[in-house]
Amino acid sequence: MTRIVGIDLGTTNSLVAYMKDGQPCVVPDRNGRAMVPSVVALTDNGLIVGDSAKEHLTRNPERTVYSVKRFMGKGLTDVQSELAYFPYQLTETGGVIRIRLGEKTYSPPQISAMVLKELKRRAEAYLGESITKAVITVPAYFNDSQRQATKDAGLIAGLEVLRIINEPTAASLAYGLQKHTQGTIAVYDFGGGTFDISILKLKDGIFEVLATNGDTHLGGDDLDRLLVDLFIGQIQEQHGIDLSGYPDHMQIVRLEAERAKIRLSDDLKTKITIELPNDKGHFTRELTREQLESLAIPVIERTLAPCRMALKDAGLTPKDIDEVVLVGGSTRMPLVRHRVEALFGKAPHCHLNPDEVVALGAAVQADILGGGTTDMLLLDVTPLSLGIETMGGVMSSLIRRNTTIPASAKELFTTYVDGQTGVDIHILQGERELVKDNRSLARFRLKVPPLPAGVPRIEVTFLIDANGILNVTATDMRTGQSQSIEVKPSYGLSDTEVERMIEDSFKFAADDVNARKLIEARLDAEALLKTTNKSLTEAGHLIAAGEAEGIRNALSQLTTAKDAADPRTIRARMADLEQAAKHLNVVMLDDSLRKSLQGKKVTEVT
Amino acid sequence: MAYSDKVVDHFNNPRNMGSFKKDEEGVGTGMVGAPECGDVMKLQIKVQNDTIVDAKFKTFGCGSAIASSSLATEWLKGKTIEEAQQIKNTDIVQELNLPPVKIHCSVLAEDAIKAALADYQKKADGEGSGTK
Amino acid sequence: MARSMCWHCQSAVTGEYFCERCVKVQPVSKETDYFTCLGFPRRLMLDSKQLEAKFYEMSRTFHPDFYQTKSPAEQTISLGNAAVLNTAYRTLRDPIQRAEYLLGLETGSVKDIRTSPPADLFEEILELQDTLEEYRASERDSQEGRALRATLETEQRALEQRKQDLEAQLQRLFTEWDQLQDRGEATSQARADRDRLLKQMRDLLSNRTYITSIVNDLATTIA
């Protein structure tokens with residue numbers, strides 16, 4: 001049985017987890033960190049992912065992609081209002097957003113695939129085996145296009161996606177496994193870019209979702225933006241600089257805003273320091289938790305309406321909820337905890353690591369699919385109503401929201417004109433009455449044999465599978481023949497496009513390994529050059545002239561080697577440089593130790 | 001799915017909304033409901049010399065039900081009683097391009113026409129025989 | 001229940017959901033009604049706890065999660081069966097939907113029981129709709145708006161009360177239906193009772209639908 005991993009593909013960070021002796025565990029990197037920043041950067045040395053890519057946010061903002069999850073399954077008009085916040089360039093082809101990185105453009109699934117590949121690599125290195133199958137989580141409120149885009153990302157990354165599972169329900173699996181709770185729980189999942197609320201009934205190993213609701217465009221990112229707007233307004237006022245013209249500084253502000261927000265979950269006040277462009281000094285101010293909270297209140301309030309709606313759909317009141325479970329980094333904010341407590345009338349459970357619990361739950365689901373865990377079963381629901389367009393631009397529902405999946409609906413179509421050979425069907429998802437207010441999923445033309453009006457009878461089955469993804473089939477009731485339907489997604493990659501992307505990804509896989517080694521070697525070399533140059537400037541006078549000359553020589557050799565295309569040469573020159581600078585480093589260490597000891601009594605040292 | 005301007009117009013600006021007095025001479029009233037969805041439709045005709053000179057409706061229900069009754073009243077005007085009997089729900093389905101889930105709206109409109117005609121006949125027969 | 005051949009080994013299927021010879025899952029027949037599917041008799045007063053327990057048990061039998069390692073054919077069957085099971089449970093879980101469904105089964109189609117439309121109720125609904133239109137067109141804070149709102153709120157309360165009364169009446173009919181079925185008599189009196197009950201339930205359910213529909217419209221407009 002091949003191993004199936006669980007992946008939390010997050011807006012800000014992503015994680016991979018696996019099942020070990022009946023308990024889910026996250027896969028750490030060499031430094032023990034489990035989270036991979038969901039950031040992809042195009043550098044002179046190629047594409048890089050994760051922590052090293054995150055460093056490029058401020059250095060190379062136009063070529064560093066973050067929060068790509070916000071663009072999954074979307075067209076450009078969907079994100080028009082927030083385009084100004086992203087330093088990288090977005091375009092659209094065939095209803096799908098494309099992100100320009102240098103000469104090429106990439107679809108959001110391709111960018112997400114790079115993050116998935118990084119997780120795959122990490123799991124393979126850690127577990128010492130090839131990983132080809134995964135369960136990937138998505139926000140519960142993701143629509144069909146967004147789910148499909150996530151599945152496409154997995155395929156492009158060389159992963160067979162056995163299941164798309166909702167983040168809050170994944171969290172409930174990890175929680176349930178740990179706590180053996182029976183009763184009704186609410187999972188409040190407030191992440192970097194999305195918000196979900198799910199209400200579940202836990203009974204004898206069955207996790208039955210009663211209702212779910214949410215907002216796929218509401219998260220910690222929105223709080224960061226409020227702070228960014230505040231800071232750049234003040235910088236404009238106090239220093240007369242409009243930072244919006246400096247993409248790199250905008251990223252510095254964004255990251256500082258994010259860090260300050262995080263610090264204020266523990267501290268009551270914090271100091272903001274932002275370096276200004278053109279040597280104009282620094283912008284500094286103090287930010288209190290109270291100030292942050294007064295900005296955050298409207299955003300947090302927006303999470304409460306979906307909570308009330310979910311309760312109503314589940315036919316419950318707050319007092320029916322036995323436990324509230326918090327998931328997602330944004331739930332670390334004390335104000336969020338207070339508001340949730342006020343709504344449900346009980347203190348939320350926050351003993352789980354909100355960053356890891358979703359990935360852990362995905363690993364549990366992976367184990368269920370693999371046949372390892374047999375006593376647990378998740379019965380999830382579809383978050384949005386599914387319907388078709390009817391007269392006058394009105395949507396009529398076929399499968400209501402919060403219907404347990406798999407769910408199916410059948411419709412019998414016929415013709416009203418003699419010899420009519422087709423019926424156009426437009427599939428939608430959403431809760432509004434008018435087609436234009438709902439999400440267009442796909443269109444297709446039902447083929448009908450040319451017969452007198454009313455004679456053809458074609459039964460169309462709309463089936464939402466356990467991934468929450470729609471499948472459409474048609475049967476001619478007269479002949480019993482089934483008809484294949486070519487569905488054209490409104491906001492998704494076509495099958496042929498996904499196939500091409502998978503091919504591309506395999507074609508370049510071999511190159512990728514080499515390219516990756518080269519990138520890593522170059523990054524390491526750059527770091528070594530930087531520190532050695534610094535040491536030489538600071539402590540060069542402490543060593544012999546000949547020795548300094550030797551180091552300079554090794555430095556220039558490595559600088560040359562760095563631009564070559566062979567990672568082995570770079571590593572060799574690095575070793576040379578390290579050898580040449582070994583004594584310098586010892587001397588420097590002694591020197592700094594001596595300086596720090598000056599003025600202290602000998603007794604204090606010994 | 002493209003709809004003709006006429007259809008969208010029936011939906012946005014339904015014609016002949018309103019009602020006649022029930023006991024007015026020559027008025028037939030049809031009152032029907034769809035128990036599956038809770039839609040209610042009242043359709044009235046005003047007849048002179050065996051010809052429908054005016055028609056009005058009131059509908060409580062979805063857009064398709066309103067458009068179906070609006071279309072029905074438009075069609076009824078100028079028709080003789082006999083011609084009006086010929087209107088079928090499938091004609092409405094075809095004209096409005098109603099999908100399967102909304103076919104019951106057209107059935108409701110046909111039922112309303114039939115009920116209004118029957119009510120007119122009943123009243124006419126009653127008046128004819130002098131029993132009021 | 002007469003069952004066809006196993007799709008896999010072609011032997012006659014005798015087991016409930018699985019072929020006893022090759023242990024492959026069998027598709028739930030299209031003719032199986034939701035009561036049979038969940039293993040309950042055609043009764044209207046079902047115990048919700050028992051229903052849920054049976055649904056959970058059958059979910060463990062059919063859910064696609066447990067067929068991930070099986071053949072594509074078995075995966076497709078499990079997906080279809082799980083979808084049928086979910087629809088069956090959703091329908092039978094709600095007493096009103098359950099009754100509507102049973103009426104459909106017993107009479108072929110809901111439409112087959114011809115009942116006289118409740119003309120008074122219709123007039124009331126259409127009049128109320130006029131008031132709603134007036135309210136929608138009025139200034140909410142004007143004296144007229146406030147007066148209309150008060151009228152609508154009174155109407156809403158009255159209609160909700162009527163709905164409750166209807167549901168209480170339905171409950172009694174449901175019990176009567178179950179008792180009649182339990183006796184299982186084939187007398188002409190029993191047949192007459194059956195037809196009367198079906199017609200009464202049809203009328204009450206229809207009226208309830210009309211009232212629910214206008215109450216929802218009232219609630220969203222006033223809210």
Side-chain angles (χ1 to χ4, degrees), chain A residues 1-2 4 133 135 160-163 165 173 201-210 312 315 364-382 398-400 402-410 433 459 461-467 469 471 473 475 477 480 482, chain C residues 4 25 27-28 30-32 34 37-38 48-97 101 104 109 213 216-217 219-221 223:
Chain A
M1 181 73 223
T2 46
I4 311 165
K133 294 176 177 197
V135 168
E160 187 188 344
V161 183
L162 294 186
R163 180 60 49 83
I165 172 182
L173 285 178
K201 185 167 174 181
L202 275 54
K203 196 174 178 187
D204 305 327
I206 300 269
F207 291 64
E208 186 190 3
V209 179
L210 302 176
K312 188 169 173 254
V364 175
Q365 179 65 37
D367 200 47
I368 294 171
L369 298 181
T373 302
T374 53
D375 55 339
M376 288 164 85
L377 175 63
L378 177 61
L379 299 173
D380 217 325
V381 299
T382 179
L398 297 173
I399 299 175
R400 302 284 304 162
N402 292 322
T403 297
T404 307
I405 52 175
S408 68
K410 288 179 168 48
E433 200 189 335
E459 186 182 74
T461 304
F462 302 85
L463 176 80
I464 300 179
D465 66 16
N467 301 308
I469 292 178
N471 302 265
T473 49
T475 311
M477 297 303 275
S482 62
Chain C
S4 52
V25 67
V28 171
K30 275 190 175 175
E31 282 76 44
T32 308
Y34 298 157
C37 174
L38 278 158
S48 62
K49 285 229 163 57
Q50 279 178 22
L51 206 56
E52 183 191 79
K54 185 71 184 172
F55 170 62
Y56 285 171
E57 181 197 319
M58 290 187 67
S59 291
R60 287 184 183 280
T61 308
F62 287 142
H63 199 277
D65 276 12
F66 301 129
Y67 289 81
Q68 202 68 49
T69 55
K70 301 270 168 54
S71 69
E74 287 166 277
Q75 289 186 21
T76 306
I77 292 170
S78 108
L79 187 61
N81 283 2
V84 171
L85 173 66
N86 287 337
T87 312
Y89 179 55
R90 192 172 58 251
T91 308
L92 296 195
R93 183 176 50 181
D94 176 61
I96 299 295
Q97 277 192 56
Y101 180 72
S109 150
S213 173
N216 288 345
D217 203 24
T220 46
T221 308

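Atom set for the values below is all heavy atoms of this structure, side chains included, hydrogens, waters and symmetry mates excluded. Because the structure is a prediction, the values reported are computed rather than measured. Every chain is numbered from 1 and lettered A, B, ... according to where its sequence line falls, protein lines coming before strand lines.
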Review point. Is the number of heavy atoms from other residues, nucleotides or ligands within 6.0 Å of CD (A:E160) greater than 12?
Key: yes

**Study point:** Interface moiety of A:T461 toward chain C, non-hydrogen atoms closer than 4.5 Å
**Key:** neither

Check your understanding: Roughly how far, to the nearest 0.5 Å, is CD of C:E52 from NZ of A:K203?
Key -> 4.0 Å

Study note, to complete from the structure: Correct closest heavy-atom pair for C:T69 and A:G370 would be CG2-O, 4.3 Å

Review point. Checking heavy atoms, do the side chain of A:L162, its backbone, both or neither come under 4.5 Å from chain C?
Key: both

**Study point:** Heavy-atom contact with chain A under 4.5 Å, split by part of C:F55
**Key:** side chain

Practice item. Return the option, out of A:L463, A:L379, A:T374, with the maximum number of heavy-atom pairs under 4.5 Å with chain C. Key: A:L379

Point to revise | Any side-chain heavy-atom pair of C:R90 and A:T404 under 4.5 Å | key: no

**Study point:** Side chains of C:D65 and A:Q365 in contact at under 4.5 Å (non-hydrogen atoms)
**Key:** yes

Point to revise | chain C contact via A:I464 - side chain, backbone, both or neither, heavy atoms under 4.5 Å | key: neither

Review point. Looking only at heavy atoms, what is the nearest atom pair of A:M376 and C:F66, with distance?
Key: O-CZ, 3.9 Å

Review point. Is there side-chain contact between A:D465 and C:P64, with heavy atoms separated by less than 4.5 Å?
Key: no

Review point. With a 4.5 Å heavy-atom cut-off, do A:L377 and C:Y56 have their side chains touching?
Key: no

Point to revise | Part of C:Y67 lying under 4.5 Å from any heavy atom of chain A | key: neither

Exercise for review: First locate atom CD1 of A:I206, then atom NE2 of C:H63, and finally report the distance between them rounded to the nearest 0.5 Å.
Suggested key: 9.0 Å

Review point. In terms of heavy-atom proximity below 4.5 Å to chain A, should C:N86 be classed as side chain, backbone, both, or neither?
Key: side chain

